[in-house]
Amino acid sequence: MPWWVVSVVALLLALFAATYVRSLSRRVDRLTQRYWELRYEHDRLQARVEPSAGAVRTADGAGDPGVASAFIPLSSVRREPNTQRSGTER
């Protein structure tokens, strides 16, 4: 095979790869834009739906505005050491 045929095939392959990468880049840009639009919309709608900050939801979805919810980390809840062992003792 002459060297120019190999060069033409390599050039065509490079053009195809560049076109493909460009289309993928556009697609990633569109998907990224849609992601941030949807995230913004979700946060905006969630803020409209959620009750006030001090309310706590019950099982039926209603909130009691007089009771505030508080986060209690599990590390602050400590168990007392178990002094008696159940079962066989040695």
Side-chain angles (χ1 to χ4, degrees):
M1 240 182 350
W3 63 269
W4 59 271
V5 174
V6 175
S7 299
V8 169
V9 170
L11 181 64
L12 290 175
L13 184 62
L15 288 174
F16 172 75
T19 305
Y20 185 70
V21 167
R22 187 173 177 162
S23 69
L24 285 179
S25 174
R26 288 184 192 150
R27 185 174 181 193
V28 167
D29 287 340
R30 282 194 311 262
L31 288 174
T32 303
Q33 182 180 2
R34 287 180 186 168
Y35 168 78
W36 287 109
E37 288 173 356
L38 286 173
R39 184 167 178 171
Y40 172 77
E41 185 72 15
H42 175 265
D43 290 343
R44 190 177 65 82
L45 291 174
Q46 188 176 15
R48 286 178 52 192
V49 171
E50 285 184 350
S52 64
V56 175
R57 289 186 182 176
T58 59
D60 62 356
D64 182 9
V67 178
S69 63
F71 175 74
I72 301 173
L74 291 178
S75 61
S76 68
V77 180
R78 298 178 188 252
R79 294 184 182 175
E80 294 181 21
N82 193 0
T83 57
Q84 292 183 341
R85 293 186 183 183
S86 60
T88 61
E89 293 183 5
R90 293 183 187 197

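- Remark: Arg26 pairs with Arg22, Arg30 by the side chain to side chain contact (heavy atoms under 4.5 Å, CB included) rule, at least two apart or across chains.
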Show me the donor-acceptor pairs, under 3.5 Å and distance only, between side chains in residues 6-19 and residues at least two apart or in other chains.
| residue | atom | partner | partner atom | Å |
| --- | --- | --- | --- | --- |
| Ser7 | OG | Trp3 | O | 3.1 |
| Thr19 | OG1 | Leu15 | O | 2.8 |

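- Residues near Leu31 contribute nothing to a hydrophobic cluster around it, because no ILVMFWY side-chain heavy atom sits closer than 4.5 Å to its side chain.
- Residue Tyr20 is found in a hydrophobic cluster whose other members, listed by chain and number, are Leu24; membership requires side-chain heavy atoms under 4.5 Å apart, directly or through intermediates.
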Would you list the atom pairs, donor with acceptor, under 3.5 Å between side chains in residues 36-48 and any protein atom, with sequence neighbours excluded?
| residue | atom | partner | partner atom | Å |
| --- | --- | --- | --- | --- |
| Glu37 | OE2 | Gln33 | NE2 | 3.3 |
| Arg39 | NH1 | Tyr35 | OH | 3.2 |
| Glu41 | OE1 | Arg44 | NH2 | 3.3 |
| Glu41 | OE2 | Arg44 | NH2 | 2.7 |
| Gln46 | NE2 | Glu50 | OE2 | 3.0 |

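- Listed by chain and number, the hydrophobic cluster partners of Val28 come to none, as no ILVMFWY side chain reaches under 4.5 Å of it.
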